[in-house]
Structures are given as C-alpha cells and as structure tokens.
Amino acid sequence: MKRRLASIMSAVIIGCLLISQGTNFAEPASEEVSDSEAEATAVSESAPGDKPEAASADPSKTASIAEGMEQAAENEFLILYVNSATTEIAVQDKRSGAIWYSNPQDRADDSVATGYNKEKLNVQVEISYLDNAGNSLKYDNYTHSVQNGQFVIEKVKGGLNIFYTLGEVKSDIDAIPKYISEERFQSLILDKIEDDGDKREVEKRFKHNAEEKRYERRDSSLKGVGLKKVTDVFAKIGYDEEQIAIDNAASGEAAAGELSVKLPLQYRLDGDGLKVTVDAEGAEYPDSMKIERLSLLPFFGASGVRDEGYTLVPDGSGSLIHFNNEKTYAAPYRVDLYGTDAAIYQPIKIQNDEAARLPVFGMKYEDRAFVGIIEEGDAVAAVEADVSGRLNVYNTVSPSFTLRHLAEVTLTNGWRSSTVKKFQAEPFGGDITVRYGFLGAEDASYSGMAAHYRDYLIKQAGLTRLTDEEGVPFYAEFIGGIPKKKFFLGIPYNSYEPLTTFNEAESVLGEMLDMGIGNIKLRYTGWFNGGINHDLPKSITVDKKLGGSKGLKGLKAYTDENRISLFPDATFLEATRNADDFKKSKQASRFITGKLAKVYPYYAADFGENDYLDPGYAISPKVLPNMVDGFIDDYEKLGLAGLSLRDMGNKLNSDYNRSNVIDREEAKGIVNEQLKRISGSAMEILVEGGNAYAAAYARHIVDAPMTSSEFIITDETVPFFQLVFHGYVHYAGKAWNMADEQDSTHNFLKALETGSALNYTWFNADSSAIKMTEFADLYSADYRLWIDDAAQRYRELNDVLHDVQSQTIVDHRMLAKGVYQTTFEQGKTIIVNYNDTESNVDGITVGAKDYLVGGETGQ
C-alpha cells in the first residue's frame, strides 16, 4: 500500500513539474509504461565547443546527451531521448556509445542557412501541398506546430507518440472576412453600426469591387489600432465566427484553423533498430489541401563540414556521395524507388538512369554509421540527399513519400487555352515506416550496411542461403519467335517469325556443352501466345512454329538430361496493342487524366517517345490475380520447374482510374501476392531487375544493376546490390552482347569484382530475319558471333568464382582509382585493375586490365 501511495505521489509531482515547464506530455491511454519509462531522467549537459560554423555533427564528438533531452525509452541495445520543447529525438547506441540526433545540435551556428532554410533545420516532418489556387506551399512540424504549442507527446512502452496539429494560429484579423458580398456587408455590418465614426472606420478598411459585387478586406490597413477598432465594432454588432464561416465558404476561402493537419509520428525501439512511423489511421488532411509529398526526418544523422565520410544512396548498384564534395553546382540527389511508373505520363525520358532497386540509404562517419530501411510506403518513396554548402552546412540523406500525383491538362476554347492541374482521385493512405539501424566501427562501411540489410531480409522476407556448388551460372536467353509484318501482292499482313525453334535450341545448347559451358540457365522468351510480345498470359498456347507442345516437351527432356535449368519467360504487367482478349477500356491502367496508360519505347537520340510504333499498355493491377490463376493452371500441366518473370521484379505500375485508384503501394501488394502464388507452382523463379520486394521469391536475377547513373553529385559507384545478395541469390547484369559496354574484358573484370555470372541474349536464325521489324536492336544477338568468346570467358570466370557461389561478400573497397578489392566470406580476395596501366598498391602489383586472385595473376 505504501509503495502504491509513493508511486501516486511521484506521478503527481512529475505531472506538476511538466505542467510548470509548459511540456505537452500525455500519459498513455492503453499501453502500460514501466517505472523507468514514466520518470524523466536527468542528463548532463554536453560540454560547449568552439564551433563557429557548425563544423561537426558527428555523434562521436558528443560526450553526452544534449541539453534538454530526457530519456523516453530503453532496451538492450538503444536508448531513446526526446526534447519535450522541440520534439526532436536522439538515439544512443549502447554498444558503441554513439548518439544520433534527428536534428543537428549546433544548427544555431550555421553560417550558410538563412531565413526559411535556417528554420527548416528544426524540422522532423514536412508536407508539401497545393492550395485551391494552385500555389505550392509547405507545412512543417516546427513552424506550424511546435512554435505554436500545437502538439502532444505521449510516452508508450518502447517509445513515443507525438501528435502534431499543423496549421496557422488564429490572429485578430481572422475575425474579419476577407471577402463579403455587397448585400451582407450592408445588412449585417453597416446597417447595424449606430456610430457614424465607427461606420467610416469600417468602410475605409474595405475596398469595393463592383465587378465581383463584393467588398474586399484591406489587410495593409488592418494593423495595430486600426485592427483593434474594427474587431471591437464587429464584436459589438454581433458579427461572430458563424457569420465569418458563411462568408468564407461563399467566397471559397477556408476559415482560419480549417487548413490544419493532424499528423501522428511514432518512435519505437525495436531490437537494435529505431522504427519511425507516420500512422495513416491517425493522420487527417483537409480536402482543400492537395498533399503532394511528405518528407521524414530530413536531417537525421546530418554531418558537418569537418566530418569525413560519405552518404550511401540506392542509385543502380549503389552510389556514394562524399561529405563536403563542394558539388553545389549539381542538382541534389532525388530518385524514386523501383523505377518509373507506366501510369505516370512521361513523354520524355529525361535521362537514361539506373533504377533504384533497394529501399535503403545510409551515412558513414569515420568510426560509425547508420542505415535506413524503408519498410512501409517504399513503393511511393524516394531517397533524397544533398551536400553541405548549398542551403546549409550539413550533408543529408532522407526519405520522402509522394502521397498524391498530379498531371497538367491543357484546355482549349477557340484561340484561348489554359493549363490546369489534375490530381489523382485518392491520395496514398497507408502507413509510412522507416527503420534506422546503427553500426559500430567494425561495420561502418557500405559493406557493413549491405550486411545489415541482408540480415534484415533474412529475418523479414525469408531470404535463404544458396547451397548448390555447381559453379558459376551461365545465363542464356534464347528468343523464340517475333511478330513480323510481311506482304502478299503488296498487301501487308502480320506474320510470325521463328528465331529459335525448340530443336534449334537443343542444337545450340549442345554446342555450348561441348565448349565447356556448364550450369546453363536457359531463359526462353517468345515461346507461347504469339512470340516475344505475347497475348495476355491468362492461358498458354505453345507456338506451333517453334515445335508446339511436343517440341517444348522434348526440349525439357533434353535440358533435364543435361542438368540445364529451363526458364520459359512470361510478362504480366504490359500488353501489346493487338493482344488477343485484351480489353483496353477494362484491363488497362489509366493516367491521372483518365486516358489509357500507353507505353511507347523511347528514341535513343533524344529520349522522346517513339510514337510511330504501336504502343503497349500498362495492365491494371486489379487484372493480375485472375490472369496469374489462368496462367498457372496451364503452366502446371506442362510439367515445368522454372519460370522467368520478365517484369514482376522489374516494373511496378499504378492505376489512376478515378473509380478505383490503385496506388503503387497497393500494386506492390498485389504483385507480392502473385509472386507467392507463382512460387507455389514453380520450383525456381528468375526475375529481371531485382526490385527488393521480389527478392524472397527469386533464385536468379538477370539485368541486375551493375553500375550507377553517375549523377554529377555522386562520387563513386559501389556494388551495394551485389554485397546484399551474393551467396543468397544468383545474379547477372545486362546481356553482354546487348549492353552499352561492349568491351568483354571490362565486363569480365566487372563480373569478377561483383561475383556476377555471364549473361547473353541469342537466337539461331540468320540476322536478316529481323529486318523490317521493330527488333533492330537484336542484330547483335546471333549466337555464332559470341559463343567462342563466351565459352572462353565462362571457363576462366568459373575457375575463379566456382568455389564462392554460396559465400557472401564481406568487404569491397577501392584501393586506388580504377582498382578494387573484393573479399569473400571464407577469405578469398580478388583485385581487379580497370586501368590501361599497371597498378601497384601496398606492394601488390596488378597488370593493366588484369586481376589478382590469392596472389596469383589471372591472365
């Protein structure tokens, strides 16, 4: 009883202290809180340092938690702190002692940031939106909530909930209508004012607009004494909030306080990570605000101008941005995850960039690092990064989320035209969650970040280890048939051109085996429903000109006998214009404008749409489940074990049909369900591209990112993708004979550096077979041109890499410009030299365009 009374008294005292300090704390309503979490913990103030230009934000430089921070939660690995006045948070890694802050602690000394950019350094969450007039505006939790005291902090088990109300605080001028009709101005205001002096005072504060038949508030004259006089008169005549609401509604103006946003932000300690969530269920946005984007913790872990290290961004295989690289002349980094959305109209492909396949970003200091993993909302997310010197003195990396897309529509009426903005009918309404992990000195590198993310995929996505030791795979794509326009008596007609029949495939495979190519993974494209641009795959009809079902059965028997893996290919997310049973109006996705989502190839010269060709169409995700069910029913009858999915791991498309919007996150969920369905029927799945959500289902990835987009702001390309997946998924880059880089020596060195397999796209027919078709890019696919070199390269690559296929890559680093070292799990190292001259690093000599394995030269 005494203990209970003491606890009650302690709670009363703490509550009084919090009230006296003006702290917006609310005790949890339903979750239990431990005694240690319920009590505010006193912490020492960090020693002041001489930082005239906010020179260092490295957490290792901070001996103790910053002033104003109090403990909110703790577990085995981490301690969470919060500043109850500013709502900024900090996380201390108990293993290393490092402290990571949501905002730079020396931001007041920033000598670069001014005005809004200075204030923004206090922000944890920001939204961008358009008002009814089309003006682009921003709300952030500091300017529009914290400074106004419009927030509540709630301690819960394992973390915090912070409830923000973002909006302008009412001022005295808000009691006066911005616009009021002539009739109401006369009857409700002037007629009720008895004093002539008061009447003149009110009249001169309004401007008469005869054309609009209304009076308009003169804001410039409503200040100080003048404002007080008018508000006093309005109060005297009974013009109240109800009346101003009527006038604001009539003029289309939102009343003060109506443009407010309820935004709940959750922080939870989860094992060795911090989970930050924007809870969709508790978020509220007014209809008049067209929310476009939400930015989360834009300054978490930000580094200063004296710090050494780099930022990791998921650009292709991975890119590093070195701290303080002085590239303020370059555009900041911002890339949407998972490539382009075919349901977002893009008449020009601005650049030939590499897709960001993994929802990961990070930052490395000299002896510690953090890595961010976007867990929820990744399909609508982008990663943003910038360097010091542009807007402030900090290097930053953070996620942002597009909640609502818009498109511009041009309306014409005779000689007049105007452009209006049209928004997607329903905004993204799901949760947003980012998980932050923290790495000590031994793991503080992009290699350590990759290992951290791989462990995450093992636990969360079920990624499993490779066990086979058959050697390096050789990926060969055989093209079956293509559509070709032919002529009879000058009359054009559509025909089918076989490029590699099933019998011919056996013959080519025999040559490959005879030349020492082993562990062949045969990907067969264009084998059913009309060739490479096949009809909807809701059923399967094997193309007769290739040999029909009997020929496919014979090829399967041959591949089984020779231990060759067969992966027939299918595409599910796009349809050709003339695909049988494709009903565009019902099955195609739509742009925000309501038009069908057509897909054109782009010209290589100017990246514009090649609209002279017949378009394809993005298939609505709602059609996918029924289509996959029909395909799998027929696929299982063929007795096949492998399946190649051309686009399920490579593309992700929305559907902005106003009657049933399917945003990209919902589309990802539908694709995941189908991947799970397919994995129950196909023993092995091969995908293109390798978007992260497909990782748990794929055993093979082709066209994996092998390089970055090389944006100007970035400094170095790294094989982060390969560091994550080696030993768990077999992968290869773009087909060597189809890639922009045609130097086989360069491609070979890249395969050694990244632990990648060879990949080729071939057909058996003479090259003349593709004349007068839309497949001119396949001229280099005649297998006879490549098989000799491919066999020689495979034998050499397999000699080096055959014993490390199921091992992870534990370290990758640049030894010198153009010289890289890769270290595998059991200690094997490979050094490659891309330079035209010999390289000597730490006494190790590697020849020009050569490699070194375990101290022995490779060629």
Side-chain angles (χ1 to χ4, degrees), residues 22 24 114-116 118-120 122 127-151 164-262 284-290:
N24 294 305
T114 59
Y116 169 75
K118 189 87 167 183
E119 293 295 302
K120 189 175 178 179
N122 300 291
I127 58 173
S128 303
Y129 71 96
L130 293 178
D131 64 13
N132 287 331
N135 300 309
S136 181
L137 303 169
K138 292 184 178 181
Y139 266 8
D140 66 69
N141 74 299
Y142 178 75
T143 307
H144 301 94
S145 179
V146 173
Q147 284 193 321
N148 301 330
Q150 300 174 169
F151 66 93
Y164 295 105
T165 299
L166 281 64
E168 303 291 347
V169 176
K170 284 187 178 182
S171 65
D172 289 342
I173 200 172
D174 295 320
I176 303 171
K178 190 169 184 178
Y179 306 105
I180 183 170
S181 68
E182 293 174 337
E183 180 184 351
R184 285 177 61 82
F185 187 70
Q186 184 65 45
S187 61
L188 289 183
I189 296 177
L190 296 183
D191 289 350
K192 291 185 177 182
I193 301 175
E194 297 178 356
D195 185 86
D196 290 340
D198 288 345
K199 186 175 295 187
R200 287 192 298 271
E201 189 69 35
V202 169
E203 287 178 323
K204 69 181 181 180
R205 309 298 177 181
F206 284 84
K207 175 185 177 182
H208 183 228
N209 187 329
E211 183 178 350
E212 297 290 340
K213 295 183 179 181
R214 69 185 184 186
Y215 284 82
E216 300 174 355
R217 190 177 70 196
R218 296 180 185 268
D219 288 1
S220 59
S221 68
L222 286 166
K223 297 177 181 178
V225 176
L227 175 60
K228 187 176 187 310
K229 287 182 178 179
V230 174
T231 54
D232 287 347
V233 170
F234 274 39
K236 187 186 299 183
I237 64 175
Y239 187 88
D240 54 18
E241 290 187 3
E242 181 180 351
Q243 296 300 326
I244 198 171
I246 294 172
D247 288 319
N248 282 332
S251 62
E253 289 293 314
E258 287 183 3
L259 282 183
S260 64
V261 174
K262 307 290 185 183
E284 296 179 12
Y285 309 99
D287 293 337
S288 57
M289 293 179 70
K290 304 301 182 183

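- Under the 3.5 Å distance criterion, with hydrogens and angles disregarded, a donor-acceptor pair is assigned to the side chains of H208 and E182.
- Between F206 and Y215, the two ring planes are perpendicular [angle over 60°; tilted spans 30° to 60°].
- Using a 4.5 Å heavy-atom threshold, the side chains of I176 and L227 count as touching.
- Counting heavy atoms from C-beta outward, Q243 and L188 have side chains that approach closer than 4.5 Å.
- For the pair E284/V261, no side-chain contact is recorded, criterion being any heavy-atom separation below 4.5 Å from C-beta on.
- For the atom pair R214 CZ and K178 NZ, the distance stands at 9.5 Å (nearest 0.5 Å).
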Would you sort out whether K228 and D232 count as a salt bridge (charged side-chain N to carboxylate O under 4.0 Å, His left out), showing the intermediate values?
-> CA-CA 6 Å; K228 187 176 187 310; D232 287 347; 3.0 Å; yes
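- Contact of the Y129 side chain with the K290 side chain is not registered, since no non-hydrogen atoms from C-beta on lie closer than 4.5 Å.
- Checked for salt-bridge contact, R200 and D196 miss the test: no charged N lies under 4.0 Å from a carboxylate O.
- A search for side-chain contact (heavy atoms from CB on, under 4.5 Å) contacts involving T114 returns nothing, not counting sequence neighbours.
- Here the side chains of I246 and R184 are in contact, with some heavy-atom distance below 4.5 Å.
- The shortest distance between side-chain heavy atoms of F151 and N141 does not fall below 4.5 Å.
- Contact annotation: the side chain of F185 never approaches that of D247 to less than 4.5 Å [non-hydrogen atoms, C-beta and beyond].
- Side-chain contact check for Y239 versus K192: every heavy-atom pair is 4.5 Å or farther apart.
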